[in-house]
Amino acid sequence: MSALISQVRVLAAQLGAYVGEVVTLKGWVHNVRHMGNLAFLVLRDRTGLVQCVLEGELAGRPIENESVVAVSGKVVAALKALGGVEVQATGLEVISAPSMPLPFEINKKEVKAGLESVLDHRVLSMRNPQIHAVFTIQSALAGGFREYLSSQNFTQIFTPKIVATGTEGGSNLFPIEYFEQRAYLAQSPQFYKQMMVGAGFERVFEIAPVYRAEEHNTSRHLNEYLSLDLEMGFIQSEEDLMDLETGLLRHMFAKVAAECAPELALLGVTVPEIAAIPRIPVAEAQAIIERKYGKLSPKGDLDPEGERLICQYVSEGGKPALVFMTRYPREIRPMYAMPAPENPNLTASFDLLFNGLEITTGGQRIHNAQMLVESIASRGLDPESFSTYLEVFRLGMPPHGGMAIGLERLTARLLGLSNIREATAFPRDRTRLTP
RNA sequence: GGAGGCGUGGUGUAGUGGCCUAACAUGCGGCCCUGUCACGGCCGAGACCGCGGGUUCGAAUCCCGUCGCCUCCGCCA
């Protein structure tokens with residue numbers, strides 16, 4: 001084939017270091033502006049956009065948008081071009097041209113297509129720099145999670161997604177055929193991360209998908225989502241977990257701010273700096289919501305409007321809001337939730353709300369085997385069916401607790417996306433199984 | 001699972017009983033253009049208005065059904 005393809009590739013963002021040199025760029029054709037015997041081709045690679053100047057015969061060549069091309073030429077400083085440099089093309093090769101019409105334009109600042117089209121043609125829509133930025137930032141968030149927890153001596157674990165039973169009841173499980181047995185997709189790594197704590201790792205985390213068979217159809221639910229899970233042994237109380245999450249989110253946000261400045265600028269987002277996150281017992285939050293906004297809440301909990309209102313309450317002048325809700329009643333928390341020391345009807349658990357949406361549930365867990373058996377039984381469940389889980393508590397288990405952060409929800413709230421699907425590369429919802 | 005809303009060229013919208021032989025923007029095709037960067041100019045193709053039925057002299061527009069999508073609620077991360 002051509003000489004162009006074999007040449008060493010230089011990326012768009014590196015061009016500043018090559019002024020005066022001849023380089024080869026490879027990427028997608030973002031846009032071409034024809035001016036007769038002169039044309040400007042904007043090439044896009046994973047690092048960004050760069051303008052290539054085509055003259056004479058090259059300018060006359062038909063080139064479709066989104067073709068994969070190699071362009072070689074001399075790098076010149078050009079104050080008028082984006083990035084301050086452009087490439088004076090001397091060679092152009094189309095490596096792969098699209099063989100179908102593009103369903104919508106992605107070379108505009110904003111993609112003007114409905115969510116359904118955007119998701120139907122995900123490979124195309126994610127090429128748009130603004131949409132692309134969402135996933136670059138999401139990657140940094142996950143990276144920050146791993147980085148911070150590793151710095152705190154957490155071990156990354158990997159637990160099965162095909163399981164025999166659910167963690168908190170069976171109604172929202174996806175059943176699957178496992179040879180001659182009935183199995184389910186894991187709705188949470190809850191039992192396994194506790195078992196890994198008990199296996200002597202003390203501090204563990206996992207980044208993995210979880211599956212919920214809920215037939216909900218909302219802008220904040222997925223049937224498969226990424227759970228940022230952690231579990232920590234030898235805690236004093238759930239306060240240790242909220243302290244940990246505060247430091248964790250501070251690090252994750254700082255990493256995004258430091259590493260994703262161009263992406264944030266593209267989305268017009270400023271990452272909030274996290275100082276202290278207020279901790280409000282649910283009952284108190286309900287009272288505040290009633291007093292300040294005249295709204296009643298469901299028993300022992302907040303509804304979505306209440307979550308938005310309490311965030312509004314703690315937000316100073318419309319700034320991004322983070323708030324822990326604590327002391328949830330026992331009857332609305334799972335059987336493994338540790339009762340609050342001062343009131344056995346409440347739990348040592350918490351949720352974290354971010355800009356009006358629940359992004360974390362966590363808490364201290366029951367570590368005493370007998371207490372756990374009683375808790376299971378008190379909910380009308382059969383302790384026998386939890387025997388493999390219960391074994392870890394019979395072999396010596398430290399006080400412990402943990403939490404789970406919904407990655408897509410965190411991403412969506414941070415970036416102000418209105419639908420969680422926008423923060424999901426290939427979402428699985430009530431009806432969508434493809435792409 | 002429940003409630004509400006929407007469905008018009010490839011895409012995004014306007015049109016809410018006759019002026020619709022369906023408009024605008026963008027994209028697409030052709031021609032012109034050597035400094036554009038939302039490039040510009042001229043020309044052209046492209047939708048029987050989701051689907052089925054009904055009301056009416058007349059339906060994109062009103063009614064019923066159906067399918068799809070969106071939003072909200074329950075529930076959750």
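Please read these numbers as outputs of a predicted model, since none were measured by experiment. By convention in this document, chain letters (A, B, ...) are assigned in the order of the sequence lines, proteins followed by strands, and residues within each chain are numbered from 1.
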**Q** Counting the atoms with a prime plus P, OP1 and OP2 as sugar-phosphate, which does A/Lys109 contact under 4.0 Å by heavy atoms, base, sugar-phosphate, or nothing?
**A**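 The answer is nothing, as A/Lys109 stays clear of every strand by at least 4.0 Å.
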
**Q** If the condition is side chain to side chain donor-acceptor pair (under 3.5 Å), which residues does A/Glu263 pass it with, not counting sequence neighbours?
**A**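 Listed in chain order: nothing, the list is empty.
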
**Q** With a 3.5 Å limit on both atom pairs, tell me what B/C6 is paired to, counting Watson-Crick and G-U wobble, or say none.
**A**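 Because both required distances fall under 3.5 Å, B/C6 counts as paired with B/G68.
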
**Q** Between A/Leu352 (CG) and B/C76 (P), how many Å, whole number?
**A**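 So the CG-P distance, A/Leu352 to B/C76, works out to 17 Å.
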
**Q** Could you measure between the two P atoms, the one in B/C70 and the one in B/G65, and give it in whole Å?
**A**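 One P to the other, the span is 23 Å.
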
**Q** For the C1' atoms, the ones on B/G58 and on B/G27, what distance do you get once it is rounded to whole angstrom?
**A**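 36 Å, rounded to whole Å.
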
**Q** Among A/Glu224, A/Lys161, A/Gln187, which residue satisfies the side chain to side chain donor-acceptor pair (under 3.5 Å) criterion with A/Tyr211?
**A**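 Single side chain to side chain donor-acceptor pair (under 3.5 Å) partner of A/Tyr211 among A/Glu224, A/Lys161, A/Gln187: A/Glu224.
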
**Q** Using the 3.5 Å cut-off, write out each protein N or O paired with an N or O of nucleotides 22-25 of chain B and the distance between them.
**A**
none

**Q** Please confirm whether the backbone N or O of A/Ile63 pairs with a side-chain atom of A/Ser67, one donor and one acceptor, at under 3.5 Å?
**A**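 Side chain of A/Ser67 to backbone of A/Ile63, a donor-acceptor pair under 3.5 Å: no, none is there.
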
**Q** Just checking A/Phe324 against A/Phe350, ring centres under 6.0 Å apart?
**A**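 Yes - the distance between ring centres of A/Phe324 and A/Phe350 falls below the 6.0 Å cut-off.
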
**Q** Looking only at atom C1', what distance separates B/A23 and B/C72, rounded to whole Å?
**A**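 Looking at atom C1' only, B/A23 and B/C72 are 33 Å apart.
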
**Q** Do A/His34 side-chain and B/C39 base share a donor-acceptor contact under 3.5 Å?
**A**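 When only heavy-atom distances are counted, A/His34 does not reach the base of B/C39 through any donor-acceptor pair under 3.5 Å.
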
**Q** If I take atom NE2 in residue A/His121 and atom C1' in nucleotide B/G27, what distance separates them, rounded to the nearest angstrom?
**A**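 Value for this atom pair: 14 Å.
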
**Q** Let me know the distance between CG of A/Leu410 and C1' of B/C76, rounded to the nearest Å.
**A**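 Interatomic distance, CG of A/Leu410 to C1' of B/C76: 16 Å.
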
**Q** Across the strands shown, which category fits A/Ile405 at heavy-atom distances under 4.0 angstrom: base, sugar-phosphate, nothing?
**A**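 Here A/Ile405 touches no strand at all.
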
**Q** Under a 3.5 Å limit for both distances, which nucleotide forms a Watson-Crick or G-U wobble pair with B/C24, could you say?
**A**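 The answer is B/G12, by the H-bond criterion.
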
**Q** Assess whether a salt bridge exists between A/Arg421 and A/Asp429, defined as any Lys/Arg side-chain N lying under 4.0 Å from an Asp/Glu carboxylate O.
**A**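 So A/Arg421 pairs with A/Asp429 through a salt bridge.
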
**Q** Looking at B/G74, which nucleotide sits across from it as a Watson-Crick or G-U wobble partner, both distances under 3.5 angstrom, or is there none?
**A**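 Partner of B/G74: none found under 3.5 Å.
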
**Q** May I ask you to say what A/Ile420 touches in the nucleic acid, namely base, sugar-phosphate or nothing, with a heavy-atom cut-off under 4.0 Å?
**A**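 Answer is base: heavy atoms of A/Ile420 come under 4.0 Å of a base.
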
**Q** Take atom P in B/G46 and the same atom in B/A22, then report the distance between them in whole Å.
**A**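 Taking atom P in both B/G46 and B/A22, they lie 11 Å apart.
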
**Q** C1' atom, B/U16 versus B/C67: distance in rounded Å?
**A**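 These two C1' atoms come out 23 Å apart once rounded.
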
**Q** When both hydrogen-bonding distances must be under 3.5 Å and the geometry is Watson-Crick or G-U wobble, what is B/C42 paired with, if anything?
**A**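 For B/C42, the partner nucleotide comes out as B/G30, under the 3.5 Å rule.
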
**Q** Using whole Å, report how far NZ of A/Lys108 lies from P of B/C37.
**A**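 After rounding, the gap between these two atoms is 12 Å.
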
**Q** For A/Val29, which of A/Val69, A/Val42, A/Leu43 qualifies under side-chain contact (heavy atoms from CB on, under 4.5 Å)?
**A**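 The single option meeting the side-chain contact (heavy atoms from CB on, under 4.5 Å) with A/Val29 is A/Val69.
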
**Q** In whole Å, I'd like the distance from the CE atom of A/Met403 to the P atom of B/C76.
**A**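 Answer to the nearest Å: 19 Å.
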
**Q** With rounding to the nearest 0.5 angstrom, report the CG to CZ distance, A/Asn343 to A/Arg327.
**A**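 CZ of A/Arg327 is found 8.5 Å from CG of A/Asn343.
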
**Q** Honestly, is A/Arg333 close enough over A/Tyr328, meaning NZ or CZ under 6.0 Å from the six-membered ring centre and within 45° of the axis?
**A**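 The answer is yes, since A/Arg333 meets both limits relative to A/Tyr328.
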
**Q** Spell out, as yes or no, whether a donor-acceptor pair under 3.5 Å connects the side chain of A/Asp240 to the backbone of A/Asp243.
**A**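 No.
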
**Q** Could you tell me how far B/U71 sits from B/U61 if I compare only their P atoms? Round to whole Å.
**A**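 Each nucleotide's P atom is 26 Å from the other's.
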
**Q** I'd like a list of close polar pairs between nucleotides 69-73 of chain B and the protein, N/O only, cut-off under 3.5 Å.
**A**
from	atom 1	to	atom 2	distance (Å)
B/C69	OP1	A/Thr431	OG1	3.2
B/U71	OP1	A/Asn419	ND2	2.7
B/U71	OP2	A/Asn419	ND2	3.2
B/C72	OP2	A/Ser219	OG	2.6
B/C72	N4	A/Asn217	O	3.0
B/C73	OP1	A/Arg308	NH2	3.0
B/C73	OP2	A/Arg220	NH1	3.0

**Q** Could you state the CD-C1' distance from A/Gln187 to B/C76, rounded to the nearest angstrom?
**A**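 Rounded to the whole Å, the gap is 11 Å.
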
**Q** What is the minimum heavy-atom distance between A/Ala186 and A/Pro160, and which atoms define it?
**A**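 Nearest pair, atom of A/Ala186 first, then A/Pro160: CB-O, 3.9 Å.
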
**Q** Under 6.0 Å between ring centres, would you say that holds for A/Phe145 and A/Phe205?
**A**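 Yes: the rings meet the under 6.0 Å criterion.
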
**Q** Roughly how far apart, to the nearest Å, are B/U13 and B/C6 at atom C1'?
**A**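 Their C1' atoms lie roughly 13 Å apart.
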
**Q** Taking CG from A/Leu41 and C1' from B/U34, how many angstroms apart are they, rounded to a whole number?
**A**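 Rounding to the nearest Å, CG of A/Leu41 and C1' of B/U34 are 16 Å apart.
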
**Q** Which is true for A/Leu222 with a 4.0 Å heavy-atom rule: it touches a base, it touches only sugar-phosphate, or it touches nothing?
**A**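 Result for A/Leu222 = base.
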
**Q** Atom CG of A/Leu54 to atom P of B/C37: distance rounded to whole Å?
**A**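 So the CG-P distance, A/Leu54 to B/C37, works out to 16 Å.
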
**Q** Would you call A/Glu66 and A/Arg44 a salt bridge, using N to O less than 4.0 angstrom?
**A**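 Yes, charged N to carboxylate O under 4.0 Å.
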
**Q** Have a look at A/Glu55 and say if it touches a base, only the backbone sugar-phosphate, or nothing, with a 4.0 Å heavy-atom cut-off.
**A**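 Base, at least one base heavy atom under 4.0 Å.
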
**Q** By nearest heavy atom, map A/Gln88 and A/Ile332 onto RNA chain B; which one lands nearer the 5' end?
**A**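 So the residue in question is A/Gln88.
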
**Q** Taking side-chain hydrogen bond (donor to acceptor under 3.5 Å, both in side chains) as the cut-off, I'd like each qualifying pair that reaches into residues 141-150 of chain A, sequence neighbours left out, listed once.
**A**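 Output for this query lists A/Arg146-A/Gln156, A/Glu147-A/His251, A/Glu147-A/Lys255.
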
**Q** Closest approach to the side chain of A/Tyr225, judged atom by atom: which nucleotide of B/A77, B/C75, B/C37 is it?
**A**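 Of the candidates, B/A77 comes closest.
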
**Q** For nucleotides 7-11 of chain B, list the nitrogen or oxygen atoms of the protein found under 3.5 Å from its nitrogen or oxygen atoms, one pair per line.
**A**
from	atom 1	to	atom 2	distance (Å)
B/G10	O2'	A/Pro103	O	2.8
B/G10	N2	A/Glu105	OE2	2.4
B/U11	O4'	A/Pro103	O	3.2
B/U11	O2'	A/Lys112	O	2.6

**Q** Would you say a side-chain N or O of A/Arg409 is under 4.0 Å from OP1 or OP2 of B/A77?
**A**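 Answer no for this pair, as no side-chain N or O of A/Arg409 is under 4.0 Å from OP1 or OP2.
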
**Q** Identify, between A/Val53 and A/Ile359, the residue whose nearest nucleotide on RNA chain B lies closer to the 5' end.
**A**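 Upstream on the strand: A/Val53.
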
**Q** Determine the Euclidean distance between corresponding P atoms of B/A47 and B/C31; express it in Å to zero decimal places.
**A**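 B/C31 and B/A47 have their P atoms separated by 23 Å.
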
**Q** According to side chain to side chain contact (heavy atoms under 4.5 Å, CB included), who are the partners of A/Ala39, at least two apart in sequence or on a separate chain?
**A**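 A/Ala39 satisfies side chain to side chain contact (heavy atoms under 4.5 Å, CB included) with A/Val32, A/His34, A/Leu54, A/Ala59 once adjacent residues are dropped.
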
**Q** Answer with base, sugar-phosphate or nothing: what part of the nucleic acid does A/Thr360 contact at a heavy-atom distance below 4.0 Å?
**A**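 Sugar-phosphate only.
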
